[in-house]
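Each chain gets a letter, A, B and so on, in the order the sequences are listed, and its residues count up from 1.
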Number of protein chains: 2
Amino acid sequence: MAQIRDVAKLAGVSPATVSRAYSDPSKLSESTLHRVLAAADELKYKPSSLAQLFREKRTNTVLVMVPDIANVLFARVVSGIERVAVENKYNLIVSDTGDDAAIEAVGVEMVETYRADGVIQLGERPLSELHPEGEQCAIPFVQAISADPRGRYPTVGIDDRKAAGMMASYLLSQGHRRIGVLAGLENRVVTQERLAGFKDSLAAVDVPFDEVAVEYDTYSMAGGERAATRLLSRKGDLTALFCMSDEIAIGAIRTAHDQGFILPRDLSISGFDNIEFGKYCTPPLTTVMQPAEQIGEVAMSLMCDILRGQTMPKTHEILPTELVVRASVQKLP
Amino acid sequence: MAQIRDVAKLAGVSPATVSRAYSDPSKLSESTLHRVLAAADELKYKPSSLAQLFREKRTNTVLVMVPDIANVLFARVVSGIERVAVENKYNLIVSDTGDDAAIEAVGVEMVETYRADGVIQLGERPLSELHPEGEQCAIPFVQAISADPRGRYPTVGIDDRKAAGMMASYLLSQGHRRIGVLAGLENRVVTQERLAGFKDSLAAVDVPFDEVAVEYDTYSMAGGERAATRLLSRKGDLTALFCMSDEIAIGAIRTAHDQGFILPRDLSISGFDNIEFGKYCTPPLTTVMQPAEQIGEVAMSLMCDILRGQTMPKTHEILPTELVVRASVQKLP
DNA sequence: ACATTCATTACAAACGGTTTCATTGCAAGC
DNA sequence: GCTTGCAATGAAACCGTTTGTAATGAATGT
């Protein structure tokens, strides 16, 4: 591979001049610029990013830590991050953490050893290691898909409590009073927020909250199946299931079908996230739209701001959600 | 950030010794090693990857080009690539090409400018730019999810023709004779291979192939909906739909439901890929299992071999597929 | 005609490690 | 006792850019 020296020699100038031909062409005379460019072209010269980045002490790379890249919601967020990254000439190193704290800790190291300029974390694991002693965050960091307002670092997400409340209100407005909850993992902030929103709406219309009608499991279709199986065997009188994710809802639909329920006649089911498959369920899933791509875009924009300005804004961006009414929730007479 | 000089000074040795303490500790005496490590620890010294990589002229990074990261099949392949990458201490730069050739060309450049050591491409765009003049491939390159045996570069995938034939044979064995085909994009090798496999099986039992019963569209749920709508309005007598992907099948199921078909009684539908959602369809989707994660793993292993050995094996790894029988295909009387 | 300014361009240091080669000191072999 | 060999370590070169500073020369002003 040709390098800057070769070009300089061929063009009869110094390496510095060649370098400036790229970084600030206005500093060169018309004729020299032309000569340099021609020489570079002839030798097919491409500056070594490795050398450039080493000099600049920047990597132009952002690390994205994803609990599970095969999860469609996360994949869409990554997609949004990508779009903005490309626009701003950043590369993305994607790390599938598998929800493993050990792998996540590597993220900090990658920034410290100059392999990445910053970290975007999807999901809510707080990564306490990243933020020693409650001080200002040590490295450029943005958390997406979790808008924990108590966090000390910038976050991008939705108002889970409000969004869940919106869906619960809708179920109530359709006449449902005995509503089961298929929750995700109990120890997640997301789960607690959505549960709180659900309770808010019940309280607002004086419907008592039935603690027994809540089943926790993983945020997955398999989790939805398991949770639904347990709940339906325990509570036979429910008219609706409030599911904390579309995947959970899809699992619940499978279980309900298998148990002979006719949907939505015998049981209404609502989801959360609005993944594409929900539209293709039978019946099509009523859910809450979470702007996944946009969350990714905003997160990456924030990261760009941080990297450019070196300041760490303490914002908590809350993006709007929307009720998506389809056919899986029925209006009771 | 502390650097090697600081550690050397504190330990009372030369930078070279500190360097060796990491790269080949056996070269140091017990006491020096201990002293160096203690000093490094005290200063929280982390060698700068940027400097190391610059010296070594390697990036320890592989570029993965994905047509659409939000596609579950691709996401699973990436997941498999990830696993092997982590094992071998490689980082992954993931680029969502959006099926755009311009972005894909950037891949070559990233290797040429030392931003990545090699490229794994998902999907089948041939990227002729990568392989100028039919010579041995210029940069470390592996293509996954497409086992085009005519390619000059290593590939990992399945035998699409055989797999499609297997499914077609199954449909035939269940008594279906008037089978419609919902194909993906017509100009893709994958599509042509699967169609060929379909024809193979028909020919084997002397069932004539009906050219009119093929509809092409994108490999997506929306594409499946559109294609199914067109096909069903044109051909009323079909007993089964052979879909070239699960997403297409899921779209077709939606369309069939909407048109009042009772599935699978009135119409059998088969998919291809075995994505997780197929299991949760109504009815659960009969499909062909494609080992997506494994394809990713093999692709990355191949890449590791190439990067280590500098040789570009001309293998075409064919991974096994499996018929997954669920409920969306009915046995005709 | 000479000083001054400005536009161009060259020179050389710097970035932070790794590695080659040379040096030192000590133990073993004759 | 002197040579030889080996283990341990240091000095310095090197990787390919960028950039601060100096040098050059032409143009301008007086």
A.B. asks: Under 4.0 angstrom, heavy atoms only, what part of the nucleic acid is A:Leu53 near: base, sugar-phosphate, or nothing?
C.D. replies: nothing
A.B. asks: Given the structure, check if the side chain of B:Arg20 and the base of D:dG10 hold any donor-acceptor pair shorter than 3.5 Å.
C.D. replies: yes
A.B. asks: So which one's nearest nucleotide on DNA chain C is more toward 5', B:Phe54 or A:Ser31?
C.D. replies: A:Ser31
A.B. asks: Let me know which of B:Glu293, B:Gln294, B:Gln290 forms a side-chain hydrogen bond (donor to acceptor under 3.5 Å, both in side chains) with B:Arg76.
C.D. replies: B:Glu293
A.B. asks: For the pair made of CZ in B:Arg55 and P in C:dT19, what is the distance, rounded to whole Å?
C.D. replies: 6 Å
A.B. asks: Once you apply a heavy-atom cut-off of 4.0 Å, does A:Leu28 come out as touching a base, just sugar-phosphate, or nothing?
C.D. replies: sugar-phosphate
A.B. asks: So, OP1 or OP2 of C:dT18: does either fall under 4.0 Å of a side-chain N or O from B:Ser19?
C.D. replies: yes
A.B. asks: A:Arg58 has an atom CZ; how far is it from atom P of C:dC15, in whole Å?
C.D. replies: 17 Å
A.B. asks: Could you check whether A:Tyr114 gets within reach of a base, just the sugar-phosphate, or nothing at all, counting any heavy atom under 4.0 Å?
C.D. replies: nothing
A.B. asks: OP1 or OP2 of C:dG16 versus the side-chain N and O atoms of B:Gln3: is any pair under 4.0 Å?
C.D. replies: yes
A.B. asks: Answer yes or no: does a side-chain N or O of A:Lys57 lie under 4.0 Å from OP1 or OP2 of C:dG16?
C.D. replies: yes
A.B. asks: OP1 or OP2 of D:dT17 less than 4.0 angstrom from a side-chain nitrogen or oxygen of A:Tyr45, does that happen here?
C.D. replies: yes
A.B. asks: Name the closest nucleotide to the B:Pro47 side chain, picking from D:dC15, C:dG17, D:dA11.
C.D. replies: C:dG17
A.B. asks: Check this one for me: any side-chain N or O of A:Ser23 less than 4.0 Å away from OP1 or OP2 of D:dT18?
C.D. replies: no
A.B. asks: Grab the CG-C1' distance between B:Leu50 and D:dC15 for me, whole Å please.
C.D. replies: 13 Å
A.B. asks: What's B:Thr32 touching, base or sugar-phosphate or nothing? Going by heavy atoms closer than 4.0 Å.
C.D. replies: sugar-phosphate
A.B. asks: In whole Å, what is the span from the CD1 atom of B:Ile4 to the P atom of C:dC15?
C.D. replies: 14 Å
A.B. asks: Mind calculating the distance between CZ (A:Arg5) and P (D:dT17) to the nearest angstrom?
C.D. replies: 8 Å
A.B. asks: Between CE of B:Met110 and OG1 of B:Thr61, what distance do you get to the nearest 0.5 Å?
C.D. replies: 8.0 Å
A.B. asks: Taking NZ from B:Lys27 and P from C:dT19, how many angstroms apart are they, rounded to a whole number?
C.D. replies: 9 Å
A.B. asks: Working to the nearest 0.5 angstrom, can you tell me the gap between A:Ile69 CD1 and B:Ile81 CD1?
C.D. replies: 11.0 Å
A.B. asks: Is B:Gln52 close enough to C:dG16 that one of its side-chain N or O atoms is under 4.0 Å from OP1 or OP2 there?
C.D. replies: no
A.B. asks: Using side-chain hydrogen bond (donor to acceptor under 3.5 Å, both in side chains) as the criterion, point out the one residue from B:Glu317, B:His316, B:Gln143 that pairs with B:Thr155.
C.D. replies: B:His316
A.B. asks: Measure CD/A:Glu56 against C1'/C:dG16 and give the value in whole Å, please.
C.D. replies: 15 Å
A.B. asks: Does D:dG16 have OP1 or OP2 sitting under 4.0 Å from an N or O in the side chain of A:Ser48?
C.D. replies: no
A.B. asks: How long is the straight-line distance from CZ of B:Arg5 back to CG of B:Leu10, given to the nearest 0.5 Å?
C.D. replies: 15.0 Å
A.B. asks: Once you round it to whole Å, what is the distance between P of C:dT8 and CG of A:Leu33?
C.D. replies: 11 Å
A.B. asks: Any chance you could lay out the side-chain contact (heavy atoms from CB on, under 4.5 Å) test for B:Val190 and B:Tyr219, step after step, and finish with the verdict?
C.D. replies: CA-CA 11 Å; B:Val190 164; B:Tyr219 276 101; 3.5 Å; yes
A.B. asks: Tell me what A:Val13 touches on the nucleic acid: a base, only sugar-phosphate, or nothing, going by heavy atoms under 4.0 Å.
C.D. replies: sugar-phosphate
